[in-house]
Amino acid sequence: MSSQENNQQNNEVVAVDENHVIAERREKLKSIREATGGVAFPNDFKPQHKAADLIAAYANQENEAFEATPVNVVVAGRMMLKRVMGKASFATIQDGSGANAGSRIQLYVAKDMISEEVYEQFKHWDLGDFLGATGHLFKTKTGELSIKVTEIRLLTKSLRPLPEKFHGLQDQEVKYRQRYVDLITSEETRATFVARSKVVSAIRNFMIQNEFLEVETPMLHPIPGGASAKPFITHHNALDMQMYMRIAPELYLKRLVVGGFERVFEVNRNFRNEGLSVRHNPEFTMMEFYAAYTDYQWLMDFTENCIRTAAIAARGTAVLEYQGRELDLSKPFQRLTIVGAIQKYAPQYTLEQLNDEAFLRAEILKHGTKPFDHAGLGALQLALFEETAESQLWEPTYIIDYPVEVSPLARASDKNPEITERFELFVTGREIANGFSELNDAEDQAARFHAQMKAKEAGDHEAMFYDADFIRALEYGMPPAGGCGIGIDRLVMMITDSASIRDVILFPHMRAES
RNA sequence: GGGGCGUUAGCUCAGCUGGUAGAGCAGCGGACUUUUAAUCCGUUUGUCGUGGGUUCGAUCCCCGCACGCCCUACCA
């Protein structure tokens with residue numbers, strides 16, 4: 001598309017989106033531009049106080065004290081409410097302070113405290129405009145801490161009307177597409193993302209306290225690896241090569257363990273070219289970590305601690321409520337094998353049936369899933385687990401002993417070569433984390449990659465590629481290690497009681513606006 | 001990919017199994033010097049998502065399409 005066409009299209013969008021409210025505000029802005037000699041958006045006002053701090057410090061102070069010792073303040077914020085009377089008015093401004101990044105304080109604007117000219121201007125300022133005000137604190141008749149304004153200025157003219165002041169923004173599509181509007185008007189939305197930030201920093205602190213080194217590994221991979229998923233494919237022009245957005249950082253982080261960084265972690269995005277749902281976004285955040293000389297048992301204890309710490313940091317407690325149901329992260333997480341979980345949550349099956357491949361195949365088909373032809377007993381048990389038990393795992397539960405054939409990067413059990421020292425953590429019926437004792441036998445890993453290539457040839461599109469450099473790295477020797485990935489978005493959903501992954505991602509992916 | 005529900009003023013929503021639309025907020029004008037979603041009086045604003053069909057007549061009934069939300073599938 002030429003830039004001219006592009007401009008035409010943008011102009012059309014703007015034109016369609018205009019309305020009489022915006023037109024009115026544009027006229028006001030035009031007058032402001034003329035009156036100010038062109039400086040309609042000044043940037044010389046420096047607020048000295050925040051609404052939340054003033055409320056914390058003075059909400060309990062009475063007028064006598066303010067009269068005895070005047071408290072002069074300088075504040076700025078977006079005007080959210082406005083009550084104009086003949087010679088004096090009230091306005092409520094909101095700034096970014098406070099626990100949920102949005103606190104409000106009331107301004108009392110009286111004609112005799114400012115000039116008549118400024119009062120006339122004030123009357124025509126709109127909800128959404130940014131104001132800067134100077135004045136002193138007092139309590140109104142009803143006891144609300146307010147600022148008696150001696151100077152007030154318009155700092156930024158808002159051209160678009162805010163959502164209805166009482167109900168706020170209700171349209172879910174607009175909340176996702178225009179998150180900025182959602183954040184202005186919804187304290188709940190702001191609280192969710194403040195909590196998300198606390199979760200992430202709590203996890204970082206936890207990792208650093210446990211002597212992990214934070215690293216950043218490539219997002220563009222020449223070979224997609226570390227998980228079974230469909231990658232986004234892109235192209236590097238200068239190198240003229242196909243590249244893949246990473247589906248997991250695993251193989252790079254393990255290269256670092258080979259290099260001698262014995263404890264590493266990375267908090268970053270993974271990209272998977274798969275469906276969108278209430279718990280899937282094409283790009284999602286993962287915290288993945290590796291620790292030398294640890295195994296999957298250690299990882300389970302550690303992960304449990306990490307999650308509990310994050311919940312307490314964000315919510316002050318590990319006893320949460322999710323979608324109306326109690327979710328207790330304070331108790332030790334359960335540990336069940338795949339077969340054990342089926343026996344517990346789908347007791348209609350006998351142990352004999354659960355070890356009968358033909359029976360399992362038929363049963364899985366009944367649930368509407370077709371297992372791969374080459375699926376062995378372990379994979380079939382796993383498939384039945386997913387159909388019958390997984391969604392019932394409300395309380396935190398580690399499912400352990402995953403079959404080798406679906407765990408190409410995990411260390412096999414010393415007691416049973418068919419299973420791996422691997423776990424997945426399920427909470428509220430969803431997978432939250434996946435970890436295992438790492439496979440550090442280069443020859444075994446090479447054989448597993450070959451098996452994956454065969455599976456790919458046999459039609460398994462998600463089977464892994466052979467990564468020769470990763471094998472070379474393992475050949476230098478990787479110390480015994482454990483590694484785990486925690487799905488941050490899902491963890492935040494759980495901790496913030498959010499029903500959809502889109503509620504915990506600031507700008508979730510949507511279809512293009514028509 | 002399959003199924004269900006939705007789309008009406010800038011926003012929040014009404015709209016009676018069919019007669020080309022209303023309220024509140026916001027805006028504009030007026031009254032009001034302690035309001036709290038301020039109040040009171042007056043007033044502007046709509047391709048009823050979109051394209052067809054049925055009908056004398058469609059926001060309403062039927063079909064297609066677009067977009068969204070939820071469920072479901074792959075997956076974390």
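Per chain, numbering begins at 1; letters A, B, ... match sequence-line order.
Taking the salt bridge (charged side-chain N to carboxylate O under 4.0 Å, His left out) definition, one finds that Lys123(A) meets it with Glu120(A), sequence neighbours left out. Judged as a side chain to side chain donor-acceptor pair (under 3.5 Å), and not counting sequence neighbours, the contacts of Asp95(A) are Ser97(A). In this view, Glu188(A) satisfies the salt bridge (charged side-chain N to carboxylate O under 4.0 Å, His left out) rule with no residue, not counting sequence neighbours. Partners of Glu390(A) under the salt bridge (charged side-chain N to carboxylate O under 4.0 Å, His left out) rule, at least two apart in sequence or in another chain, do not exist in this structure. Every residue two or more places apart in sequence or in another chain that forms a side-chain contact (heavy atoms from CB on, under 4.5 Å) with Lys198(A) is listed here: Val194(A), Ala314(A). Checked against salt bridge (charged side-chain N to carboxylate O under 4.0 Å, His left out), Glu424(A) has the following partners two or more places apart in sequence or in another chain: Arg422(A). Evaluation of the side-chain contact (heavy atoms from CB on, under 4.5 Å) rule for Glu363(A) yields Tyr349(A), Phe359(A), Lys366(A), His367(A), Leu384(A) as partners, not counting sequence neighbours.
Contacts of Ser89(A) with the nucleic acid, taken as non-hydrogen atoms under 4.0 Å apart, are absent. Residue contacts for Arg511(A): at a heavy-atom cut-off of 4.0 Å it reaches the sugar-phosphate backbone alone, with no base atom in range. Residue-level contact check: Arg502(A) touches the backbone only, with heavy atoms under 4.0 Å from sugar-phosphate atoms and none from bases. Contact annotation for Gly168(A): backbone-only contact, meaning every heavy-atom pair under 4.0 Å involves sugar-phosphate atoms and none involves a base. Ile486(A) comes within 4.0 angstrom of nothing in the nucleic acid, heavy atoms only. Within 4.0 Å of Asn281(A), counting heavy atoms only, lies at least one base atom of the nucleic acid.
The aromatic rings of Tyr244(A) and Phe465(A) sit tilted, their planes meeting at an angle between 30° and 60°. Using cut-offs of 30° and 60° on the angle between ring planes, the pair Phe423(A) and Tyr398(A) is perpendicular.
For the pair Leu127(A) CG and rG24(B) P, the computed distance is 18 Å after rounding to whole Å. In this structure, Trp125(A) atom CH2 and rG27(B) atom P are separated by 15 Å, rounded to whole Å. Rounded to an integer number of Å, the gap from Asn273(A) CG to rG1(B) P is 13 Å. As rounded to whole Å, 14 Å separates atom P of rA38(B) from atom CG of Leu107(A). Straight-line distance from the CG atom of Asp171(A) to the P atom of rC25(B): 22 Å, rounded to whole Å. To the nearest angstrom, C1' of rC11(B) lies 10 Å from NE2 of His167(A). At whole-Å resolution of the value, CD1 in Ile501(A) and P in rC70(B) are 12 Å apart. Taking atom CD of residue Glu164(A) and atom P of nucleotide rC13(B), one finds them 9 Å apart after rounding to whole Å.
Look at rG6(B): its Watson-Crick or wobble partner, with both distances under 3.5 angstrom, is rC67(B). With a 3.5 Å ceiling on both atom-pair distances, rU35(B) lacks any Watson-Crick or G-U wobble partner. Across every strand in view, rC74(B) sits unpaired, with no contact that passes the Watson-Crick or G-U test at under 3.5 angstrom. The pairing partner recorded for rU43(B) is rG27(B), the criterion being a Watson-Crick or G-U wobble arrangement whose two distances lie under 3.5 angstrom. Across all strands shown, rC48(B) has no partner, as no Watson-Crick or G-U wobble contact with both distances under 3.5 Å is found. A 3.5 Å limit on both hydrogen-bonding distances identifies no Watson-Crick or G-U partner for rG57(B).
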Between N or O atoms, less than 3.5 Å apart, protein on one side and nucleotides 40-51 of chain B on the other: list the pairs.
none

Under 3.5 Å between N/O atoms: give me all the protein pairs with nucleotides 72-74 of chain B, atom names plus distance.
from    : atom 1 : to        : atom 2 : distance (Å)
rA73(B) : N6     : Leu276(A) : O      : 3.4
rC74(B) : N4     : His280(A) : ND1    : 3.3

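Aromatic rings from Phe302(A) and Phe206(A) are positioned such that their centres are separated by under 6.0 Å.
Relative to the side chain of Lys165(A), the nucleotides rA37(B), rG10(B), rC70(B) differ in distance, and rA37(B) lies closest. Checked against rA37(B), rG68(B), rU12(B), the side chain of Met510(A) finds its nearest nucleotide in rG68(B).
Here the CG atom belonging to Leu409(A) is positioned 8.5 Å from the OG atom belonging to Ser407(A), to the nearest 0.5 angstrom.
Mapping Leu162(A) and Arg25(A) onto RNA chain B via the closest heavy atom, the residue that lands nearer the 5' end is Leu162(A).
Residue pairs meeting the ring-ring contact (aromatic ring centres under 6.0 Å, His included) criterion with at least one partner in residues 136-174 of chain A, sequence neighbours excluded, are Tyr108(A)-Phe138(A). Among residues at least two apart or in separate chains, salt bridge (charged side-chain N to carboxylate O under 4.0 Å, His left out) pairs with a member in residues 271-290 of chain A are Arg269(A)-Glu283(A).
Rounded to whole Å, the separation between the P atoms of rU8(B) and rC48(B) comes to 11 Å. For the P atoms, the distance from rA21(B) to rA58(B) is 12 Å, rounded to whole Å. Separating the C1' atom of rU43(B) from that of rU54(B) is a span of 40 Å, rounded to the nearest Å. Between rC28(B) and rU45(B), the two C1' atoms lie 11 Å apart (nearest whole Å). When the P atom is used for both rC5(B) and rG64(B), the distance is 13 Å, rounded to whole Å. Nucleotides rC67(B) and rA14(B) have their P atoms positioned 25 Å apart, rounded to a whole Å. rC16(B) and rC60(B): their P atoms are spaced 11 Å apart (whole Å). rA38(B) and rG46(B): their C1' atoms are spaced 29 Å apart (whole Å).
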- Sugar-phosphate or base contact per nucleotide [nucleotides 28-35 of chain B; S, B, -; heavy atom under 4.0 Å]: SS--BBBB

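Taking side-chain N and O atoms only, Arg160(A) has no distance below 4.0 Å to OP1 or OP2 of rG10(B).
Contact detail for Ala383(A) and Ile364(A): the closest heavy-atom pair is CB-CD1, 3.6 Å.
Counted by atom type alone, Tyr119(A) and Ser89(A) present one or more donor-acceptor pairs between their side chains at under 3.5 Å.
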